[in-house]
Novice: 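I'd like to ask some things about the structure below.
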Amino acid sequence: MTGRAPVSFAFFVFGVTVGGLIPRIPALKDHLRLTDGQVGVALLGISLGGIVGSLLSRLLIRHHAATGVRAGILILCVAGVGPALAGSLGALVAVLFVIGFLWGFVDVLENGFGARLEHTYGRPLINRFHGFWSLGAFVGSLIAGAAALVGVPPLAQFTATGLVIAASSLWVLRGLGGLAAVSETPSFGGVVLTSTLAALSGMSFAGVIAEGGTSDWSALFLRELSHASPGVAAIGFSGFSIAAVLVRFRADRLTARTNPQTVLRLGASLAAGGLLLAIALPSLPVAIIGFTIVGMGTAVLLPLMFAAGANLSRSGGALAVVMASTYAGTIAGPPLIGAAADHVGLRFAMFIPLVAALTVLLMGGIVGFPAMGKPVGRG
């Protein structure tokens, strides 16, 4: 079992940092007196940082991934207090860029470990690792919700969380040792843009808009349209996160009993239905139920797409294309939804992730998924 526990822990604490930040966006918005569109611009900083961090992580993934994960998480604990110290929109964008850089950096290395361990154990593990990420996001959102409910300022919450994560990481992540993150050097060469790869890239672009659009904006939606208190509004993200936890820990079994296409289309259907419910009936507790259903649906989308991309080639080139498309979606989603919210209101802006979920549903019915563990090319 060597390696599984520290990799699971790394996914978990990564999730805690995400779950602890997103529900406090309303407090940061109020503190800086931002519009919905400006919030979208601020969230764009996370996406841009994530792209740069993920690309630079490739410099370490072959020989120094364990060091990169340990250092990345420790630096994240320090940078994580930055949003609470930002005094302007520009400062908030800058510090969120740094946080996004560290998220992208650690994310690629952790997924590299997950893929390598799947080869080592000869069975799928990546959904379970992503389940630990979702569990961490849920715990982080509970901390954020409780802090908002009792009036704890973001700075105190971010500082305390960072100290706990740093102290525990120094001990647990020693277990990574010299574990390699990849079985062969990743490459972008020799990738053939087949119809399957093009479809997977488009679906990953849409899938992350459906998932991120809901998770990023659920707290503001509940506060502004459902008239929820800050603490109750954070429960919307908590419901989204716990649904993802439960589904991801069971997703591998469900896929084995059916097939990836069936699970993908079921997830997209649930996501679309949950969004439609929240938009049509934004009152409490219906909207929270809607966001929880979205969390159940979107939980399986990106892991299945990443797995399909990995199975398209042995070198990882196809997976790199799919993941690049996903990061492009994180760039497009926040400002698009934020700009739409400024012009037509947040309620109607949420039709954007709804359309994205429907796109995945429709495209999922025509894409042929390669068999797990049986790459079909050398790209």
Side-chain angles (χ1 to χ4, degrees), residues 18-44 46-47 96 134 137-138 140-142 144-145 147-149 154 206-244 270-299 329-330 332-358:
V18 177
L21 173 61
I22 298 302
R24 300 313 302 266
I25 293 297
L28 299 175
K29 177 189 177 185
D30 288 345
H31 175 66
L32 297 177
R33 299 180 180 178
L34 304 177
T35 67
D36 286 339
Q38 289 173 322
V39 171
V41 172
L43 293 174
L44 178 61
I46 294 178
S47 302
L96 290 180
S134 297
F138 173 64
S141 67
L142 284 183
L149 192 62
V208 78
I209 291 178
E211 179 177 343
T214 305
S215 64
D216 290 347
W217 294 91
S218 59
L220 283 175
F221 184 98
L222 291 171
R223 195 187 68 171
E224 296 180 2
L225 294 173
S226 305
H227 307 295
S229 67
V232 173
I235 293 176
F237 186 80
S238 298
F240 180 93
S241 300
I242 194 170
L270 287 173
L275 279 163
L276 188 60
L277 179 63
I279 293 170
L281 300 170
S283 60
L284 294 175
V286 178
I288 292 179
I289 295 173
F291 288 133
T292 301
I293 294 173
V294 178
M296 294 173 62
T298 58
T330 67
L336 185 62
I337 295 173
D342 278 346
H343 287 86
V344 300
L346 184 55
R347 183 179 187 182
F348 290 100
M350 294 303 288
F351 274 100
I352 294 173
L354 172 58
V355 170
L358 290 174

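Quick caveat: nothing in here was measured; it's all calculated off a predicted structure. These values consider heavy atoms only, across backbone and side chains, with no hydrogens, waters or symmetry-generated copies.
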Novice: If I compare all heavy atoms of A228 with all of R223, which pair ends up nearest, and what's the gap?
Specialist: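 Closest pair (atom of A228, atom of R223, distance): O-CG, 3.4 Å.
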Novice: Do any side-chain atoms of residues 343-357 form donor-acceptor pairs under 3.5 angstrom with protein atoms, and if so which ones, sequence neighbours left out?
Specialist:
residue: H343; atom: ND1; partner: A339; partner atom: O; Å: 2.8
residue: R347; atom: NE; partner: I279; partner atom: O; Å: 2.7
residue: R347; atom: NH2; partner: I279; partner atom: O; Å: 3.0
residue: R347; atom: NH2; partner: A280; partner atom: O; Å: 3.1

Novice: Minimum heavy-atom separation for F221 to A278, with atom names?
Specialist: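 Shortest heavy-atom separation between F221 and A278 comes out as CZ-O, 3.4 Å.
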Novice: Show me, pair by pair, the donor-acceptor contacts under 3.5 angstrom made by side chains of residues 19-29, not counting sequence neighbours?
Specialist:
residue: R24; atom: NH1; partner: V152; partner atom: O; Å: 3.3
residue: R24; atom: NH1; partner: Q157; partner atom: OE1; Å: 2.7
residue: R24; atom: NH2; partner: V152; partner atom: O; Å: 3.2
residue: K29; atom: NZ; partner: D36; partner atom: OD1; Å: 2.8
residue: K29; atom: NZ; partner: E224; partner atom: OE2; Å: 2.7

Novice: Ignoring hydrogens, what is the shortest heavy-atom contact between L358 and A272? Give both atom names and the distance.
Specialist: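 Distance-wise, the nearest heavy atoms are CD2-CB, 3.7 Å.
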Novice: Please list all pairs passing the side chain to side chain donor-acceptor pair (under 3.5 Å) test where one or both residues lie in residues 275-299, with sequence neighbours left out.
Specialist: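 Non-adjacent pairs meeting side chain to side chain donor-acceptor pair (under 3.5 Å): zero.
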Novice: Which pair of heavy atoms, one from L222 and one from A287, lies closest together, and at what distance?
Specialist: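 So the minimum-distance heavy-atom pair works out to CD2-CB, 3.5 Å.
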Novice: Decide yes or no for I46 and T330: does some side-chain heavy atom of the first lie under 4.5 Å from some side-chain heavy atom of the second?
Specialist: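 A side-chain contact under 4.5 Å is absent here.
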Novice: Show, in sequence, the C-alpha distance, side-chain angles and deciding distance for F240 and S218, and conclude whether the side chain to side chain contact (heavy atoms under 4.5 Å, CB included) test is met.
Specialist: CA-CA 9 Å; F240 180 93; S218 59; 5.6 Å; no
Novice: Within this structure, what is the CD1-OG distance for the pair I288 and S226, rounded to the nearest 0.5 Å?
Specialist: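 I288 CD1 to S226 OG: 7.5 Å, rounded to 0.5 Å.
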Novice: Enter the distance from L225:CG to W217:CH2 here, rounded to the nearest 0.5 Å.
Specialist: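 If I round to the nearest 0.5 Å, the distance is 11.5 Å.
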